[in-house]
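Keep in mind that what you see is a predicted model, and the values were worked out from it rather than measured.
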Amino acid sequence: MADLSLAAFLRSRRRPVESALQRSADALAAIVSPSLGAAVRAGVLSGGKRLRPILLVVAFEEVGARPTSPLYDLAAAVELIHAYSLVHDDLPCMDDAPLRRGSPTVHTVHGVESATLAGALLIPWAASQAYTASLALGRTEEQAREIAAHLLEAAGAGGMIGGQALDLLGEGRSLDEKELAQLHALKTGALLAASLEMGAMAAGAGAELLAAMAIFGRDIGLAFQVTDDVLDATATADVLGKRPSDAEMHKSTYVALLGVEGARAHARRLVARAVGALDRVGLAAPRLRQLARFIVERRR
């Protein structure tokens, strides 16, 4: 019943996220060329778990705020950054991936130039949307700038882009556990943690709660990646909906380092540590705890 309850909850939050993404993609497509607009829509509206925007919404709710329409616009801004990263990650100069979420990647349908430009456009568009949505949620101009800046910091060299650089530099060699943790704390964990922090910031949470959200986000972000490595090693491309695998790209993974069962155990430890951060500040946050378990129990 708990699983069914979580599934229903995720569907209820995903619907307004999808609507916000549709609004955002349509608004951007309306001011660029038709070919570029088509690439934008393909990158943003290609499905996925929408985990990051849902985490933002849940964090907002778990600290006692009531969700309204601008909250989903803020949540969508995080997913725009994630979408840009996937579009660029799939390019021939990166992973040269033909398949993402079970469908042809953006560059294989719309061309490398359009995919590259579409991904790049999503970065300032996301920042602008985060700022305007924060204002609509009642934050001051200074607070809205801080929220938008937090998103860009998580996306930049000190976050996702830095992690991607480490990922490229690590291809073809075996990384140790410390190096692998640093890579994924930046590439995956930074944006997940920012999603939670931005949700709490938009709700007006204090410093103690924000710090707990940051710790929780970093740990579940790493747990997410460890689980991805397990799935990459144990599930087929048809189930995962993507090619190539990390093994085919000769990347270091937690499975290669710890084995399948060792990696699963590590993911569970990370989730326990994440939940401990909520315990220390007395935050019940039942949905966040459910989502943390979902991250390590998912099958795709």
Exercise for the section: Test R100 against D89 for side-chain contact (heavy atoms from CB on, under 4.5 Å), laying out the working first. Expected result: CA-CA 10 Å; R100 168 75 65 179; D89 209 32; 4.1 Å; yes

Handout entry: Stepwise side-chain contact (heavy atoms from CB on, under 4.5 Å) check, D229 with L257
Key = CA-CA 10 Å; D229 286 354; L257 198 62; over 6 Å; no

Problem - Worked check of side-chain contact (heavy atoms from CB on, under 4.5 Å) between L175 and Q182 - result: CA-CA 10 Å; L175 303 180; Q182 181 188 17; over 6 Å; no

Exercise for the section: Verify side-chain contact (heavy atoms from CB on, under 4.5 Å) between L55 and L288, making sure each step is shown before the conclusion. Expected result: CA-CA 8 Å; L55 283 172; L288 283 181; 4.2 Å; yes

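Of the possible donor and acceptor atoms, none in the side chain of R218 sits under 3.5 Å from a partner among the backbone N and O of G189. With R50 contributing its side chain and G47 its backbone, the two residues share a donor-acceptor pair below 3.5 Å. S114 places no side-chain N or O within 3.5 Å of a backbone atom of G111 that could act as its donor or acceptor partner. Side-chain atoms of D90 never come within 3.5 Å of backbone atoms of T105 as a donor-acceptor pair (strictly under, hydrogens ignored). Under a 3.5 Å cut-off, the side chain of Q129 and the backbone N or O of S24 do not form any donor-acceptor pair. With hydrogens and angles ignored, the 3.5 Å screen pairs no side-chain donor or acceptor of S174 with any backbone N or O of S252. The backbone N or O of W125 sits nowhere less than 3.5 Å from a side-chain atom of S128 that would complete a donor-acceptor pair.
Residues I161 and A155 come closest through the heavy atom pair CG1-O, 3.1 Å. When all heavy atoms are compared, the tightest approach of R66 to F60 is O-CE2, 3.3 Å. Taking all atoms of both residues into account, the shortest heavy-atom contact from V271 to A292 is CG2-O, 3.6 Å. Residues L210 and A205 share a closest heavy-atom pair of CD1-O, 3.9 Å. Across all their heavy atoms, F216 and A277 have their closest contact at N-CB, 4.3 Å. G221 and L192 get closest at one heavy-atom pair: CA-CD1, 3.2 Å.
No chain of hydrophobic side-chain contacts below 4.5 Å, direct or via other Ile, Leu, Val, Met, Phe, Trp or Tyr residues, connects L137 to L135. Grouping the Ile, Leu, Val, Met, Phe, Trp and Tyr side chains by contacts below 4.5 angstrom, directly or via other members, places V57 with M201. No continuous path of ILVMFWY side-chain contacts below 4.5 Å connects I220 to L191, so the two sit in separate hydrophobic clusters. Note on L166 and Y254: same hydrophobic cluster, where clusters join Ile, Leu, Val, Met, Phe, Trp and Tyr whose side-chain heavy atoms are under 4.5 Å apart, directly or indirectly. Neither V78 nor L51 shares a network with the other; the hydrophobic side chains, linked directly or stepwise wherever heavy atoms of I, L, V, M, F, W or Y lie under 4.5 Å apart, form separate groups for each.
Under the 4.5 Å side-chain criterion, counting only non-hydrogen atoms from C-beta, S5 is in contact with R287. Residues M94 and H88 are not in side-chain contact: their nearest non-hydrogen atoms beyond the backbone lie 4.5 Å or more apart. Side-chain contact between T234 and V255 is absent, with no heavy atoms from C-beta onward closer than 4.5 Å. I81 is listed as a side-chain neighbour of M160, based on a closest heavy-atom distance under 4.5 Å. Counting only heavy atoms from C-beta outward, the side chains of L258 and V226 never approach each other to under 4.5 Å. Looking only at side-chain heavy atoms (C-beta outward), R13 and E61 come within less than 4.5 Å of each other. Residues H266 and L270 form a side-chain contact, since some pair of their non-hydrogen atoms from C-beta on lies under 4.5 Å apart. Looking only at side-chain heavy atoms (C-beta outward), H107 and D96 come within less than 4.5 Å of each other.
Rounding to the nearest 0.5 Å gives a distance of 11.5 Å between CG of L80 and NE2 of H82. D26 contributes atom CG, which lies 4.5 Å from atom CZ of R41 (distance to the nearest 0.5 angstrom). With rounding to the nearest 0.5 Å, the separation of CD1 in I295 from CD in Q290 is 12.5 Å. Atoms CG and CD, from L183 and E179 in turn, are 9.0 Å apart once rounded to the nearest 0.5 Å. Atom OG in S69 sits 11.5 Å away from atom CG in L74 (nearest 0.5 Å). Remark: E79 CD to L45 CG distance equals 10.5 Å, nearest 0.5 Å.
Judged by the 6.0 Å distance and 45° axis criteria, R52 is positioned over the aromatic ring of F224.
Within a 6.0 Å sphere centred on CD of E113, other residues, nucleotides and ligands contribute 12 heavy atoms or fewer.
Using a 4.0 Å cut-off between charged nitrogen and carboxylate oxygen, R264 and E261 count as a salt-bridge pair.
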